[in-house]
Amino acid sequence: MLFLSWYLVEVKMAVYQLICIFVLPACFSAAPSHTIMKMETFTDLLQELESRFPEWPAKDVADLLLSSNTKQFQPHQYLSDRQAALAQVLLSKKLISLEGMPWQEQGVVLAPDGSTVALRSLVDTVVCGWKANCDVKKLKNHKRDVEPSKDTRPSQEPHSHTTCRISLPSVLGLHFASLKDSLQVPLYVPDGCWDSTTDPKTFQLHGAPSITDLTLANINGVLDGALLREMMIMNETQKMSDLLHSYYGGIPARSPYRRQNFQALLEEGEFGDEMGKAIECYRKQYQGSGLPIMTDEELKETTAAAAKQFEQQYLDCPAVIPRCQWGAKPYKGTPTLLQLPLQHIYIHHTYEPSRPCLSFKDCSADMRSMQRFHQEDRGWDDIGYSFVVGSDGYLYEGRGWLWVGAHTLGHNSIGYGVSFIGNFMASVPEGPILSLVRDRFLSCAVTSEYITSNYTVQGHRQVVRTSCPGDALFQKISAWKNFKES
Ligand SMILES: *[C@@H]1O[C@H](CO)[C@@H](O)[C@H](O)[C@H]1NC(C)=O
Ligand SMILES: *[C@@H]1O[C@H](CO)[C@@H](O)[C@H](O)[C@H]1NC(C)=O
């Protein structure tokens, strides 16, 4: 078991380069607190490098940034001191907890779509791909083999001086294969909150890291890296900074769909197979030390079940932008807990704002104005809805899964109120937005046991005298599975 513990520490170190539990000078040296941790800080740095090395393919620029993060790196070769220091801050993943203080995650940035992304995971995956790589050790610390001269490409392909970090299938595979009963408990992957969404500097995790040290920012980074890598392969002339700008900041952006788009990349059973390969690699390299003895058949069953759990809990579920992220005011008074699981879902439209929002910036502004209206004009404790659906591709947390809402008079303690932002009397939300609720939110709520599997879906108008959720939207939802006639 000792050997495996050591290996899991290696995995942890790969997920997070350094874990600081007490006040260590090393925890702070690389992270000047003035750096604005936005995706734009990273794309600006990329642009500087792209204009200096205009002939380099995007992957080589990514590779250069990764190498700036190794001990062997000689900063003056390609990057100025400032650029090298910035790359260090942006790409050094760390989890830090000062005694008695909440955990902080470093090396993560706030993207324009409102999600938080671990850049190291992103760049690693762009360079190495998301799959299990057996050659982790072998790839370690090769150097560029040709003397560089300014403004020319310093070496011929391949120049794999990069350490390919331990992959997501290997982190998850070893977790599930080594820990007894791990398949019985939900995989815990914490999200967090920024100190500010305009000038984000520190990201505080909700709670302590899990045993694998995986965080949501980490998974976002891997999924985005895998999708960006595909785009780079499709068109090798695109600059990485341009790709990132349109991927995260386009209207609409593609990043909110990272989970379903990553699923679309996967062949049937592929994620489980990759977990199996990662475990095989581990067995070969370390004679299987510490892992329970398993037949090939058992290994296949375990990894298939583990992959299914990861898919059901993460990839199948819609991402929800938490309250702290859209700038919610606190609840007034004391909220009431729901008695779970519930049996009903009530669909609403917001009516006002009447226009669907297409970006995190606009959707979060809508959330704040609705909360202000509900709290100040209506005199309610909080925004009424349980969840709100933006046309940017995200759900926004209103009262959330646990607390009684104020959405459907007389039915608030027996159902969730889910509201689409916009006036849907004459038109309906775009297909992918409807699908977010119909195909992902509802099944995920059943899997997570927030609603019973025999739940019913109804429009607000079926239980209260109102035109909500709009004629056109009402007609749409009346074709949904589990729709119930009044
Ligand atoms: C590839 O990307 C470049 C730069 O963005 C663009 O000009 C070109 O049209 C793209 N090529 C294809 C085949 O999409
Ligand atoms: C749904 O199933 C639960 C038991 O899980 C049962 O108590 C309830 O009556 C059912 N509801 C409907 C609407 O059929």
Side-chain angles (χ1 to χ4, degrees), residues 39-40 42-65 111-113 122-123 125-127 153 157 186 224-255 257 261 264-265 312 337-348 386 401-402 404-405 407-418 437-438 441-464 474 477-486:
M39 187 59 79
E40 289 87 337
F42 181 61
T43 47
D44 288 351
L45 175 62
L46 278 174
Q47 262 173 352
E48 288 177 26
L49 300 178
E50 287 161 355
S51 63
R52 184 155 169 219
F53 307 110
E55 300 305 315
W56 285 23
K59 238 180 93 189
D60 286 10
V61 176
D63 210 32
L64 171 63
L65 284 171
D113 73 338
L122 184 151
V123 180
T125 311
V126 160
V127 174
R153 280 192 65 185
E157 296 290 332
D224 291 347
L227 293 163
L228 289 162
R229 182 180 161 95
E230 289 297 307
M231 292 177 215
M232 287 177 188
I233 292 169
M234 299 269 279
N235 185 347
E236 293 187 338
T237 60
Q238 283 187 99
K239 295 284 177 223
M240 188 162 165
S241 60
D242 292 339
L243 259 179
L244 292 176
H245 273 304
S246 66
Y247 181 79
Y248 290 108
I251 296 195
R254 299 171 80 161
S255 43
Y257 300 97
N261 289 341
L265 281 186
Q312 283 188 339
L337 268 177
L338 287 165
Q339 301 265 324
L340 300 177
L342 304 185
Q343 286 183 36
H344 306 281
I345 300 282
Y346 303 105
I347 302 290
H348 299 245
S386 311
W401 294 117
L402 302 181
V404 174
H407 45 84
T408 312
L409 195 65
H411 298 71
N412 288 315
S413 55
I414 58 169
Y416 290 113
V418 178
V437 176
R438 186 192 56 211
F441 176 82
L442 294 171
S443 60
C444 191
V446 172
T447 312
S448 320
E449 298 178 2
Y450 291 119
I451 57 177
T452 55
S453 55
N454 63 0
Y455 70 90
T456 67
V457 173
Q458 290 189 300
H460 188 195
R461 61 169 66 183
Q462 289 175 277
V463 287
V464 174
F474 181 65
I477 64 163
S478 46
W480 287 7
K481 201 178 79 174
N482 293 39
F483 175 80
K484 187 180 153 223
E485 302 284 350
S486 338

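Hydrogens, waters and symmetry mates play no part in the numbers below; they use all other heavy atoms, side chains included. Numbering starts at 1 and runs along the sequence shown. Keep in mind that this is a model prediction, so the values were computed, not measured. Each ligand, and each atom within it, is numbered from 1 in the order the structure gives.
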Study note, to complete from the structure: Per-atom filter on ligand 1: closer than 4.0 angstrom to a heavy atom of T237 are 1 (C), 2 (O), 3 (C)

Review point. Under 3.5 Å, is there a donor-acceptor pair between the side chain of Q238 and the main chain of A58?
Key: no

**Study point:** Donor-acceptor pair between Q312 and T447 side chains, under 3.5 angstrom
**Key:** no

Check your understanding: Ignoring hydrogens and geometry, is there a side-chain-to-backbone donor-acceptor pair from H411 to L409 under 3.5 Å?
Key -> yes

Review point. Is it true that a side-chain atom of E230 and a backbone atom of L227 form a donor plus acceptor pair closer than 3.5 Å?
Key: no

Practice item. Please check if a non-hydrogen protein atom sits closer than 4.0 Å to atom 5 (O) of ligand 1. Key: yes

Check your understanding: Is atom 8 (C) of ligand 2 less than 4.0 angstrom from at least one protein heavy atom?
Key -> yes

Study note, to complete from the structure: One should read off an interatomic distance between L338 CG and L402 CG, to the nearest 0.5 angstrom, of 7.5 Å

Check your understanding: Do any nitrogen or oxygen atoms of Q343 lie less than 3.5 angstrom from nitrogen or oxygen atoms of ligand 2?
Key -> yes

Check your understanding: Would a 4.0 Å cut-off, counted as strictly less than, catch a protein heavy atom around atom 2 (O) of ligand 1?
Key -> yes

Exercise for review: Return yes or no for this condition: an N or O of N235 is under 3.5 Å from an N or O of ligand 1.
Suggested key: yes

Exercise for review: Look only at the side chain of K239 and the backbone of P54, and say whether a donor-acceptor pair between them is shorter than 3.5 Å.
Suggested key: yes

Check your understanding: Nearest to atom 10 (C) of ligand 2, what protein heavy atom do you find, and at what distance?
Key -> N454 ND2, 2.5 Å

